[in-house]
Amino acid sequence: MAETPQEILKMIQDNNIQMIDLKFIDMPGIWQHCTFFHNQIDENSFVEGVPFDGSSIRGWKAINESDMCMVPDPKTAWIDPFYEEPTLSMVCSIKEPRTGEWYGRDPRTIAQKAVEFLKTTGIGDTVFIGPEAEFFVFDDVRFNQTENQSYYYVDSVEGRWNSGREEQGGNLGYKPGYKQGYFPVAPTDTMQDMRTEMLLTMAKCGVPIEKHHHEVATGGQNELGFRFATLVEAADYLMTYKYVIKNVAKKYGKTVTFMPKPLFNDNGSGMHTHLSIWKAGQPLFWGNGYADLSPMALHAIGGVLKHAPALLGLTNPTTNSYKRLVPGFEAPVNLAYSQGNRSASVRIPLSGKNPKAKRFEFRCPDATCNPYLAFAALLCAVVDGIKNEIDPGESLDVDIYDLTPEELSHIPSTPGSLEAALECLENDHSFLTDTGVFSTDFIENWIEYKLDNEVNPMRLRPHPYEFALYYDV
């Protein structure tokens, strides 16, 4: 893999690459791109950037201040496997051309600031992030919303609801039951070859791959795994992950969604996120406390639990996110920590006696988040917990479902809606802004964007199930 601009330019020349595709992430978390003829990229492009119009990017510039610059990161270079013409892809951060400063609303810049902030604290010099993003693969998806109708329809050959359907060549069964999709072999698991191609394609794009498997829900829920990485790298890898999975699925005539809850009455898709802090090559979370955690690790967990309601405004940033965060589907709705309880929002994975593997797992996030923002915010909460020695309280090691309502009432829970999470973020964001990682302008803009474009539009529209509840009242 290339490390420097000079190596990139040599790669372009040696491989006779004609097209350079520059990708960057918008505020909500979707990759955007522009493709340039190779002679438009030189060494200066990696310093000053390549100009583009930022006025039409969601949550960014006004039309009268639209000029922006994409600055490619040479370490993110790979040959795009989905284009007929050999095309070199690179991920960019965004600069202001007038000032030469990094753009304060660019999510990748915010993530880079978070890493620099960690170093200035003296706590550590490296944060490792390991996201585990789940997704559904469907054979058909249709949806529409007009003044007089609203519907969605998804279908999968693996859907248990199709066990009685007439199918070409005969219905052979082999459809995972509800909540019974975890690890079945073929022929029940129909997606082995496709997932293998997804995983190997990710590797060609520089992602350090590990595994793949079917997930719990019926109807084609899956997960691929890649190795943990530094914060910005992990976000870059996750965006490549989503890009590759969607495009390989399309090749197979299928469609992918990272929506947390596309199906009623079965498990949703989360993105459990592992985190550890290191300094001078040494792990800092190993110790002799609960679950072999160090005092620093426990304080880090305390920071996450304290700020979790606000964090969810960034890590679970869609109205659909809160359809997943409900009891009964292994969802992490309890703001507590545990070695084994998967309904706790923070879990400490078993790692034997290996100090380098000691970490915690924040189970709330889902893959609709912008990973640069989510990981940066999570790190800010961790640092706040460590600096202020925040006590995480007692661990939650009992079976949640055996607790009485009175006992449950003493365990804080996640916000019940995006609107509630945004309100928590509005009331608790100094742990983000006092660091200089996030600006007040960004937080205010984020909340306003989410309310105007997602929360309020959902309020205005009748839900189809309301007709079943109320039509004949």
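- The two residues Thr218 and Gly177 come nearest to each other via the heavy atoms CB-O, 3.9 Å.
- Looking only at distances, no side-chain donor or acceptor of Ser156 sits under 3.5 Å from a matching main-chain atom of Asp139.
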Taking it one step at a time, do Tyr372 and Ile110 satisfy side chain to side chain contact (heavy atoms under 4.5 Å, CB included)?
-> CA-CA 7 Å; Tyr372 300 96; Ile110 289 172; over 6 Å; no
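- Pairing each heavy atom of Pro317 with each of Glu454, the nearest pair is O-OE1, 3.4 Å.
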Could you give me the CA-CA distance, side-chain angles and deciding distance for Thr230 and Val115, then say whether side chain to side chain contact (heavy atoms under 4.5 Å, CB included) is met?
-> CA-CA 9 Å; Thr230 58; Val115 176; over 6 Å; no
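- Between Met19 atom CE and Glu84 atom CD the span is 13.0 Å, to the nearest 0.5 Å.
- The backbone N or O of Leu224 sits less than 3.5 Å from a side-chain atom of Tyr241, completing a donor-acceptor pair.
- Without hydrogens or angle criteria, Asn370 side chain to Met27 main chain gives a donor-acceptor distance under 3.5 Å.
- No side-chain heavy atom of Asn222 sits under 4.5 Å from any side-chain heavy atom of His212.
- Arg160 is not listed as a side-chain neighbour of Asp266, based on a closest heavy-atom distance of 4.5 Å or more.
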Could you check Gln13 against His38 for side-chain hydrogen bond (donor to acceptor under 3.5 Å, both in side chains), going step by step and ending with a plain yes or no?
-> CA-CA 9 Å; Gln13 184 176 24; His38 68 91; over 6 Å; no
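- Residues Thr240 and Trp31 are in side-chain contact: their nearest non-hydrogen atoms beyond the backbone lie under 4.5 Å apart.
- When all heavy atoms of Pro97 and Cys69 are compared, the closest pair comes out as CB-SG, 3.8 Å.
- In this structure, a donor-acceptor pair under 3.5 Å is absent between the side chains of Ser395 and Gln339.
- Formation of a donor-acceptor pair under 3.5 Å by the Thr257 side chain with backbone atoms of Phe136 is not found in this model.
- Classification of the Tyr337-Tyr290 ring pair by plane angle, with boundaries at 30° and 60°, yields perpendicular.
- For the atom pair Asp106 CG and Glu96 CD, the distance stands at 10.5 Å (nearest 0.5 Å).
- For the side-chain contact (heavy atoms from CB on, under 4.5 Å) with Ile348, the lone residue among Glu361, Lys358, Arg359 that qualifies is Lys358.
- Screening Glu223, Arg195, Glu158 for a side chain to side chain donor-acceptor pair (under 3.5 Å) involving His214 leaves a single residue, Glu158.
- Between atom CG of residue Leu325 and atom OG of residue Ser413 there is a gap of 10.0 Å, rounded to the nearest 0.5 Å.
- Residues Leu284 and Ser294 are not in side-chain contact: their nearest non-hydrogen atoms beyond the backbone lie 4.5 Å or more apart.
- Residue Tyr252 places its OH atom among more than 12 non-hydrogen atoms of other residues, nucleotides or ligands, all under 6.0 Å distant.
- A donor-acceptor pair is defined here as one N or O able to donate and one able to accept, closer than 3.5 Å; no such pair exists between the side chain of Thr109 and the backbone of Arg105.
- Ile301 has its side chain out of reach of Phe285: every pair of non-hydrogen atoms, C-beta onward, lies at least 4.5 Å apart.
- Taking 4.0 Å as the cut-off between side-chain N and carboxylate O, Arg324 and Glu134 do not count as a salt-bridged pair.
- Put simply, the side chain of Asn320 never gets that close to the backbone of Met259: no donor and acceptor are under 3.5 Å apart.
- Counting only N and O atoms by type, the side chains of Trp161 and Asp155 include a donor and acceptor under 3.5 Å apart.
- Of the charged side-chain nitrogens involved, at least one lies within less than 4.0 Å of a carboxylate oxygen, so that Arg108 and Asp73 count as a salt-bridged pair.
- Counting only heavy atoms from C-beta outward, the side chains of Tyr178 and Asn265 never approach each other to under 4.5 Å.
- Between the side chains of Thr368 and Asp366, at least one donor N or O lies within less than 3.5 Å of an accepting N or O.
- Remark: side-chain polar atoms of Gln221 are paired, donor with acceptor, to backbone N or O of Gly268 under 3.5 angstrom.
- The aromatic ring centres of Tyr153 and Tyr151 sit 6.0 Å or more apart.
- Here the closest non-hydrogen pair linking Lys204 and Trp78 is O-CB, 4.2 Å.
- Between Asp292 and Lys353, at least one side-chain N (NZ, or NE/NH1/NH2) sits under 4.0 Å from a carboxylate O, which counts as a salt bridge.
- Residues Asn267 and Tyr182 have side chains that never bring a donor and an acceptor to within less than 3.5 angstrom of each other.
- Between Lys119 and Glu116 a salt bridge is recorded (basic side-chain N to carboxylate O distance below 4.0 Å).
- A side-chain donor-acceptor contact under 3.5 Å links Tyr322 to the backbone of Asn316.
- Residue Trp446 comes nearest to Pro28 through the heavy atom pair CZ3-CA, 4.4 Å, listed as atom of the first residue, atom of the second, then distance.
- With hydrogens and angles disregarded, no donor-acceptor distance shorter than 3.5 Å links the side chain of Gln40 to the backbone of Phe37.
- A cation-pi geometry, defined here as NZ or CZ lying under 6.0 Å from the six-membered ring centre and within 45° of its normal, does not hold between Lys250 and Phe82.
- Taking the six-membered ring for Trp and thresholds of 30 and 60 degrees, Phe135 and Phe258 have ring planes inclined between 30 and 60 degrees apart.
- Annotation for Met458: atom CE does not count as buried by contact number, only 12 or fewer foreign heavy atoms lying within 6.0 Å.
- Ring geometry for His33 against Tyr83 counts as parallel: the plane angle stays under 30°, on a 0 to 90° scale with 60° as the upper cut.
- Within a 6.0 Å radius of CD in Glu167, other residues, nucleotides and ligands contribute more than 12 heavy atoms.
- Here the closest non-hydrogen pair linking Lys175 and Thr188 is C-CG2, 4.4 Å.
- Residue-environment remark: CD (Glu85) exceeds the threshold of 12 foreign heavy atoms within 6.0 Å.
- When side chains are defined from C-beta on, Ser163 does not count as touching Asn171, because their heavy atoms never get closer than 4.5 Å.
- No side-chain N or O of Asp193 forms a donor-acceptor pair with one of Thr196 less than 3.5 Å apart.
- Counting only heavy atoms from C-beta outward, the side chains of Tyr237 and Pro208 approach each other to under 4.5 Å.
- In terms of modelled atom types and a separation under 3.5 Å, the side chain of Lys450 and the main chain of Gly313 share no donor-acceptor contact.
- The side-chain contact (heavy atoms from CB on, under 4.5 Å) with Ile17 is formed by just one residue from the set Ile41, Ile79, Thr87; it is Ile79.
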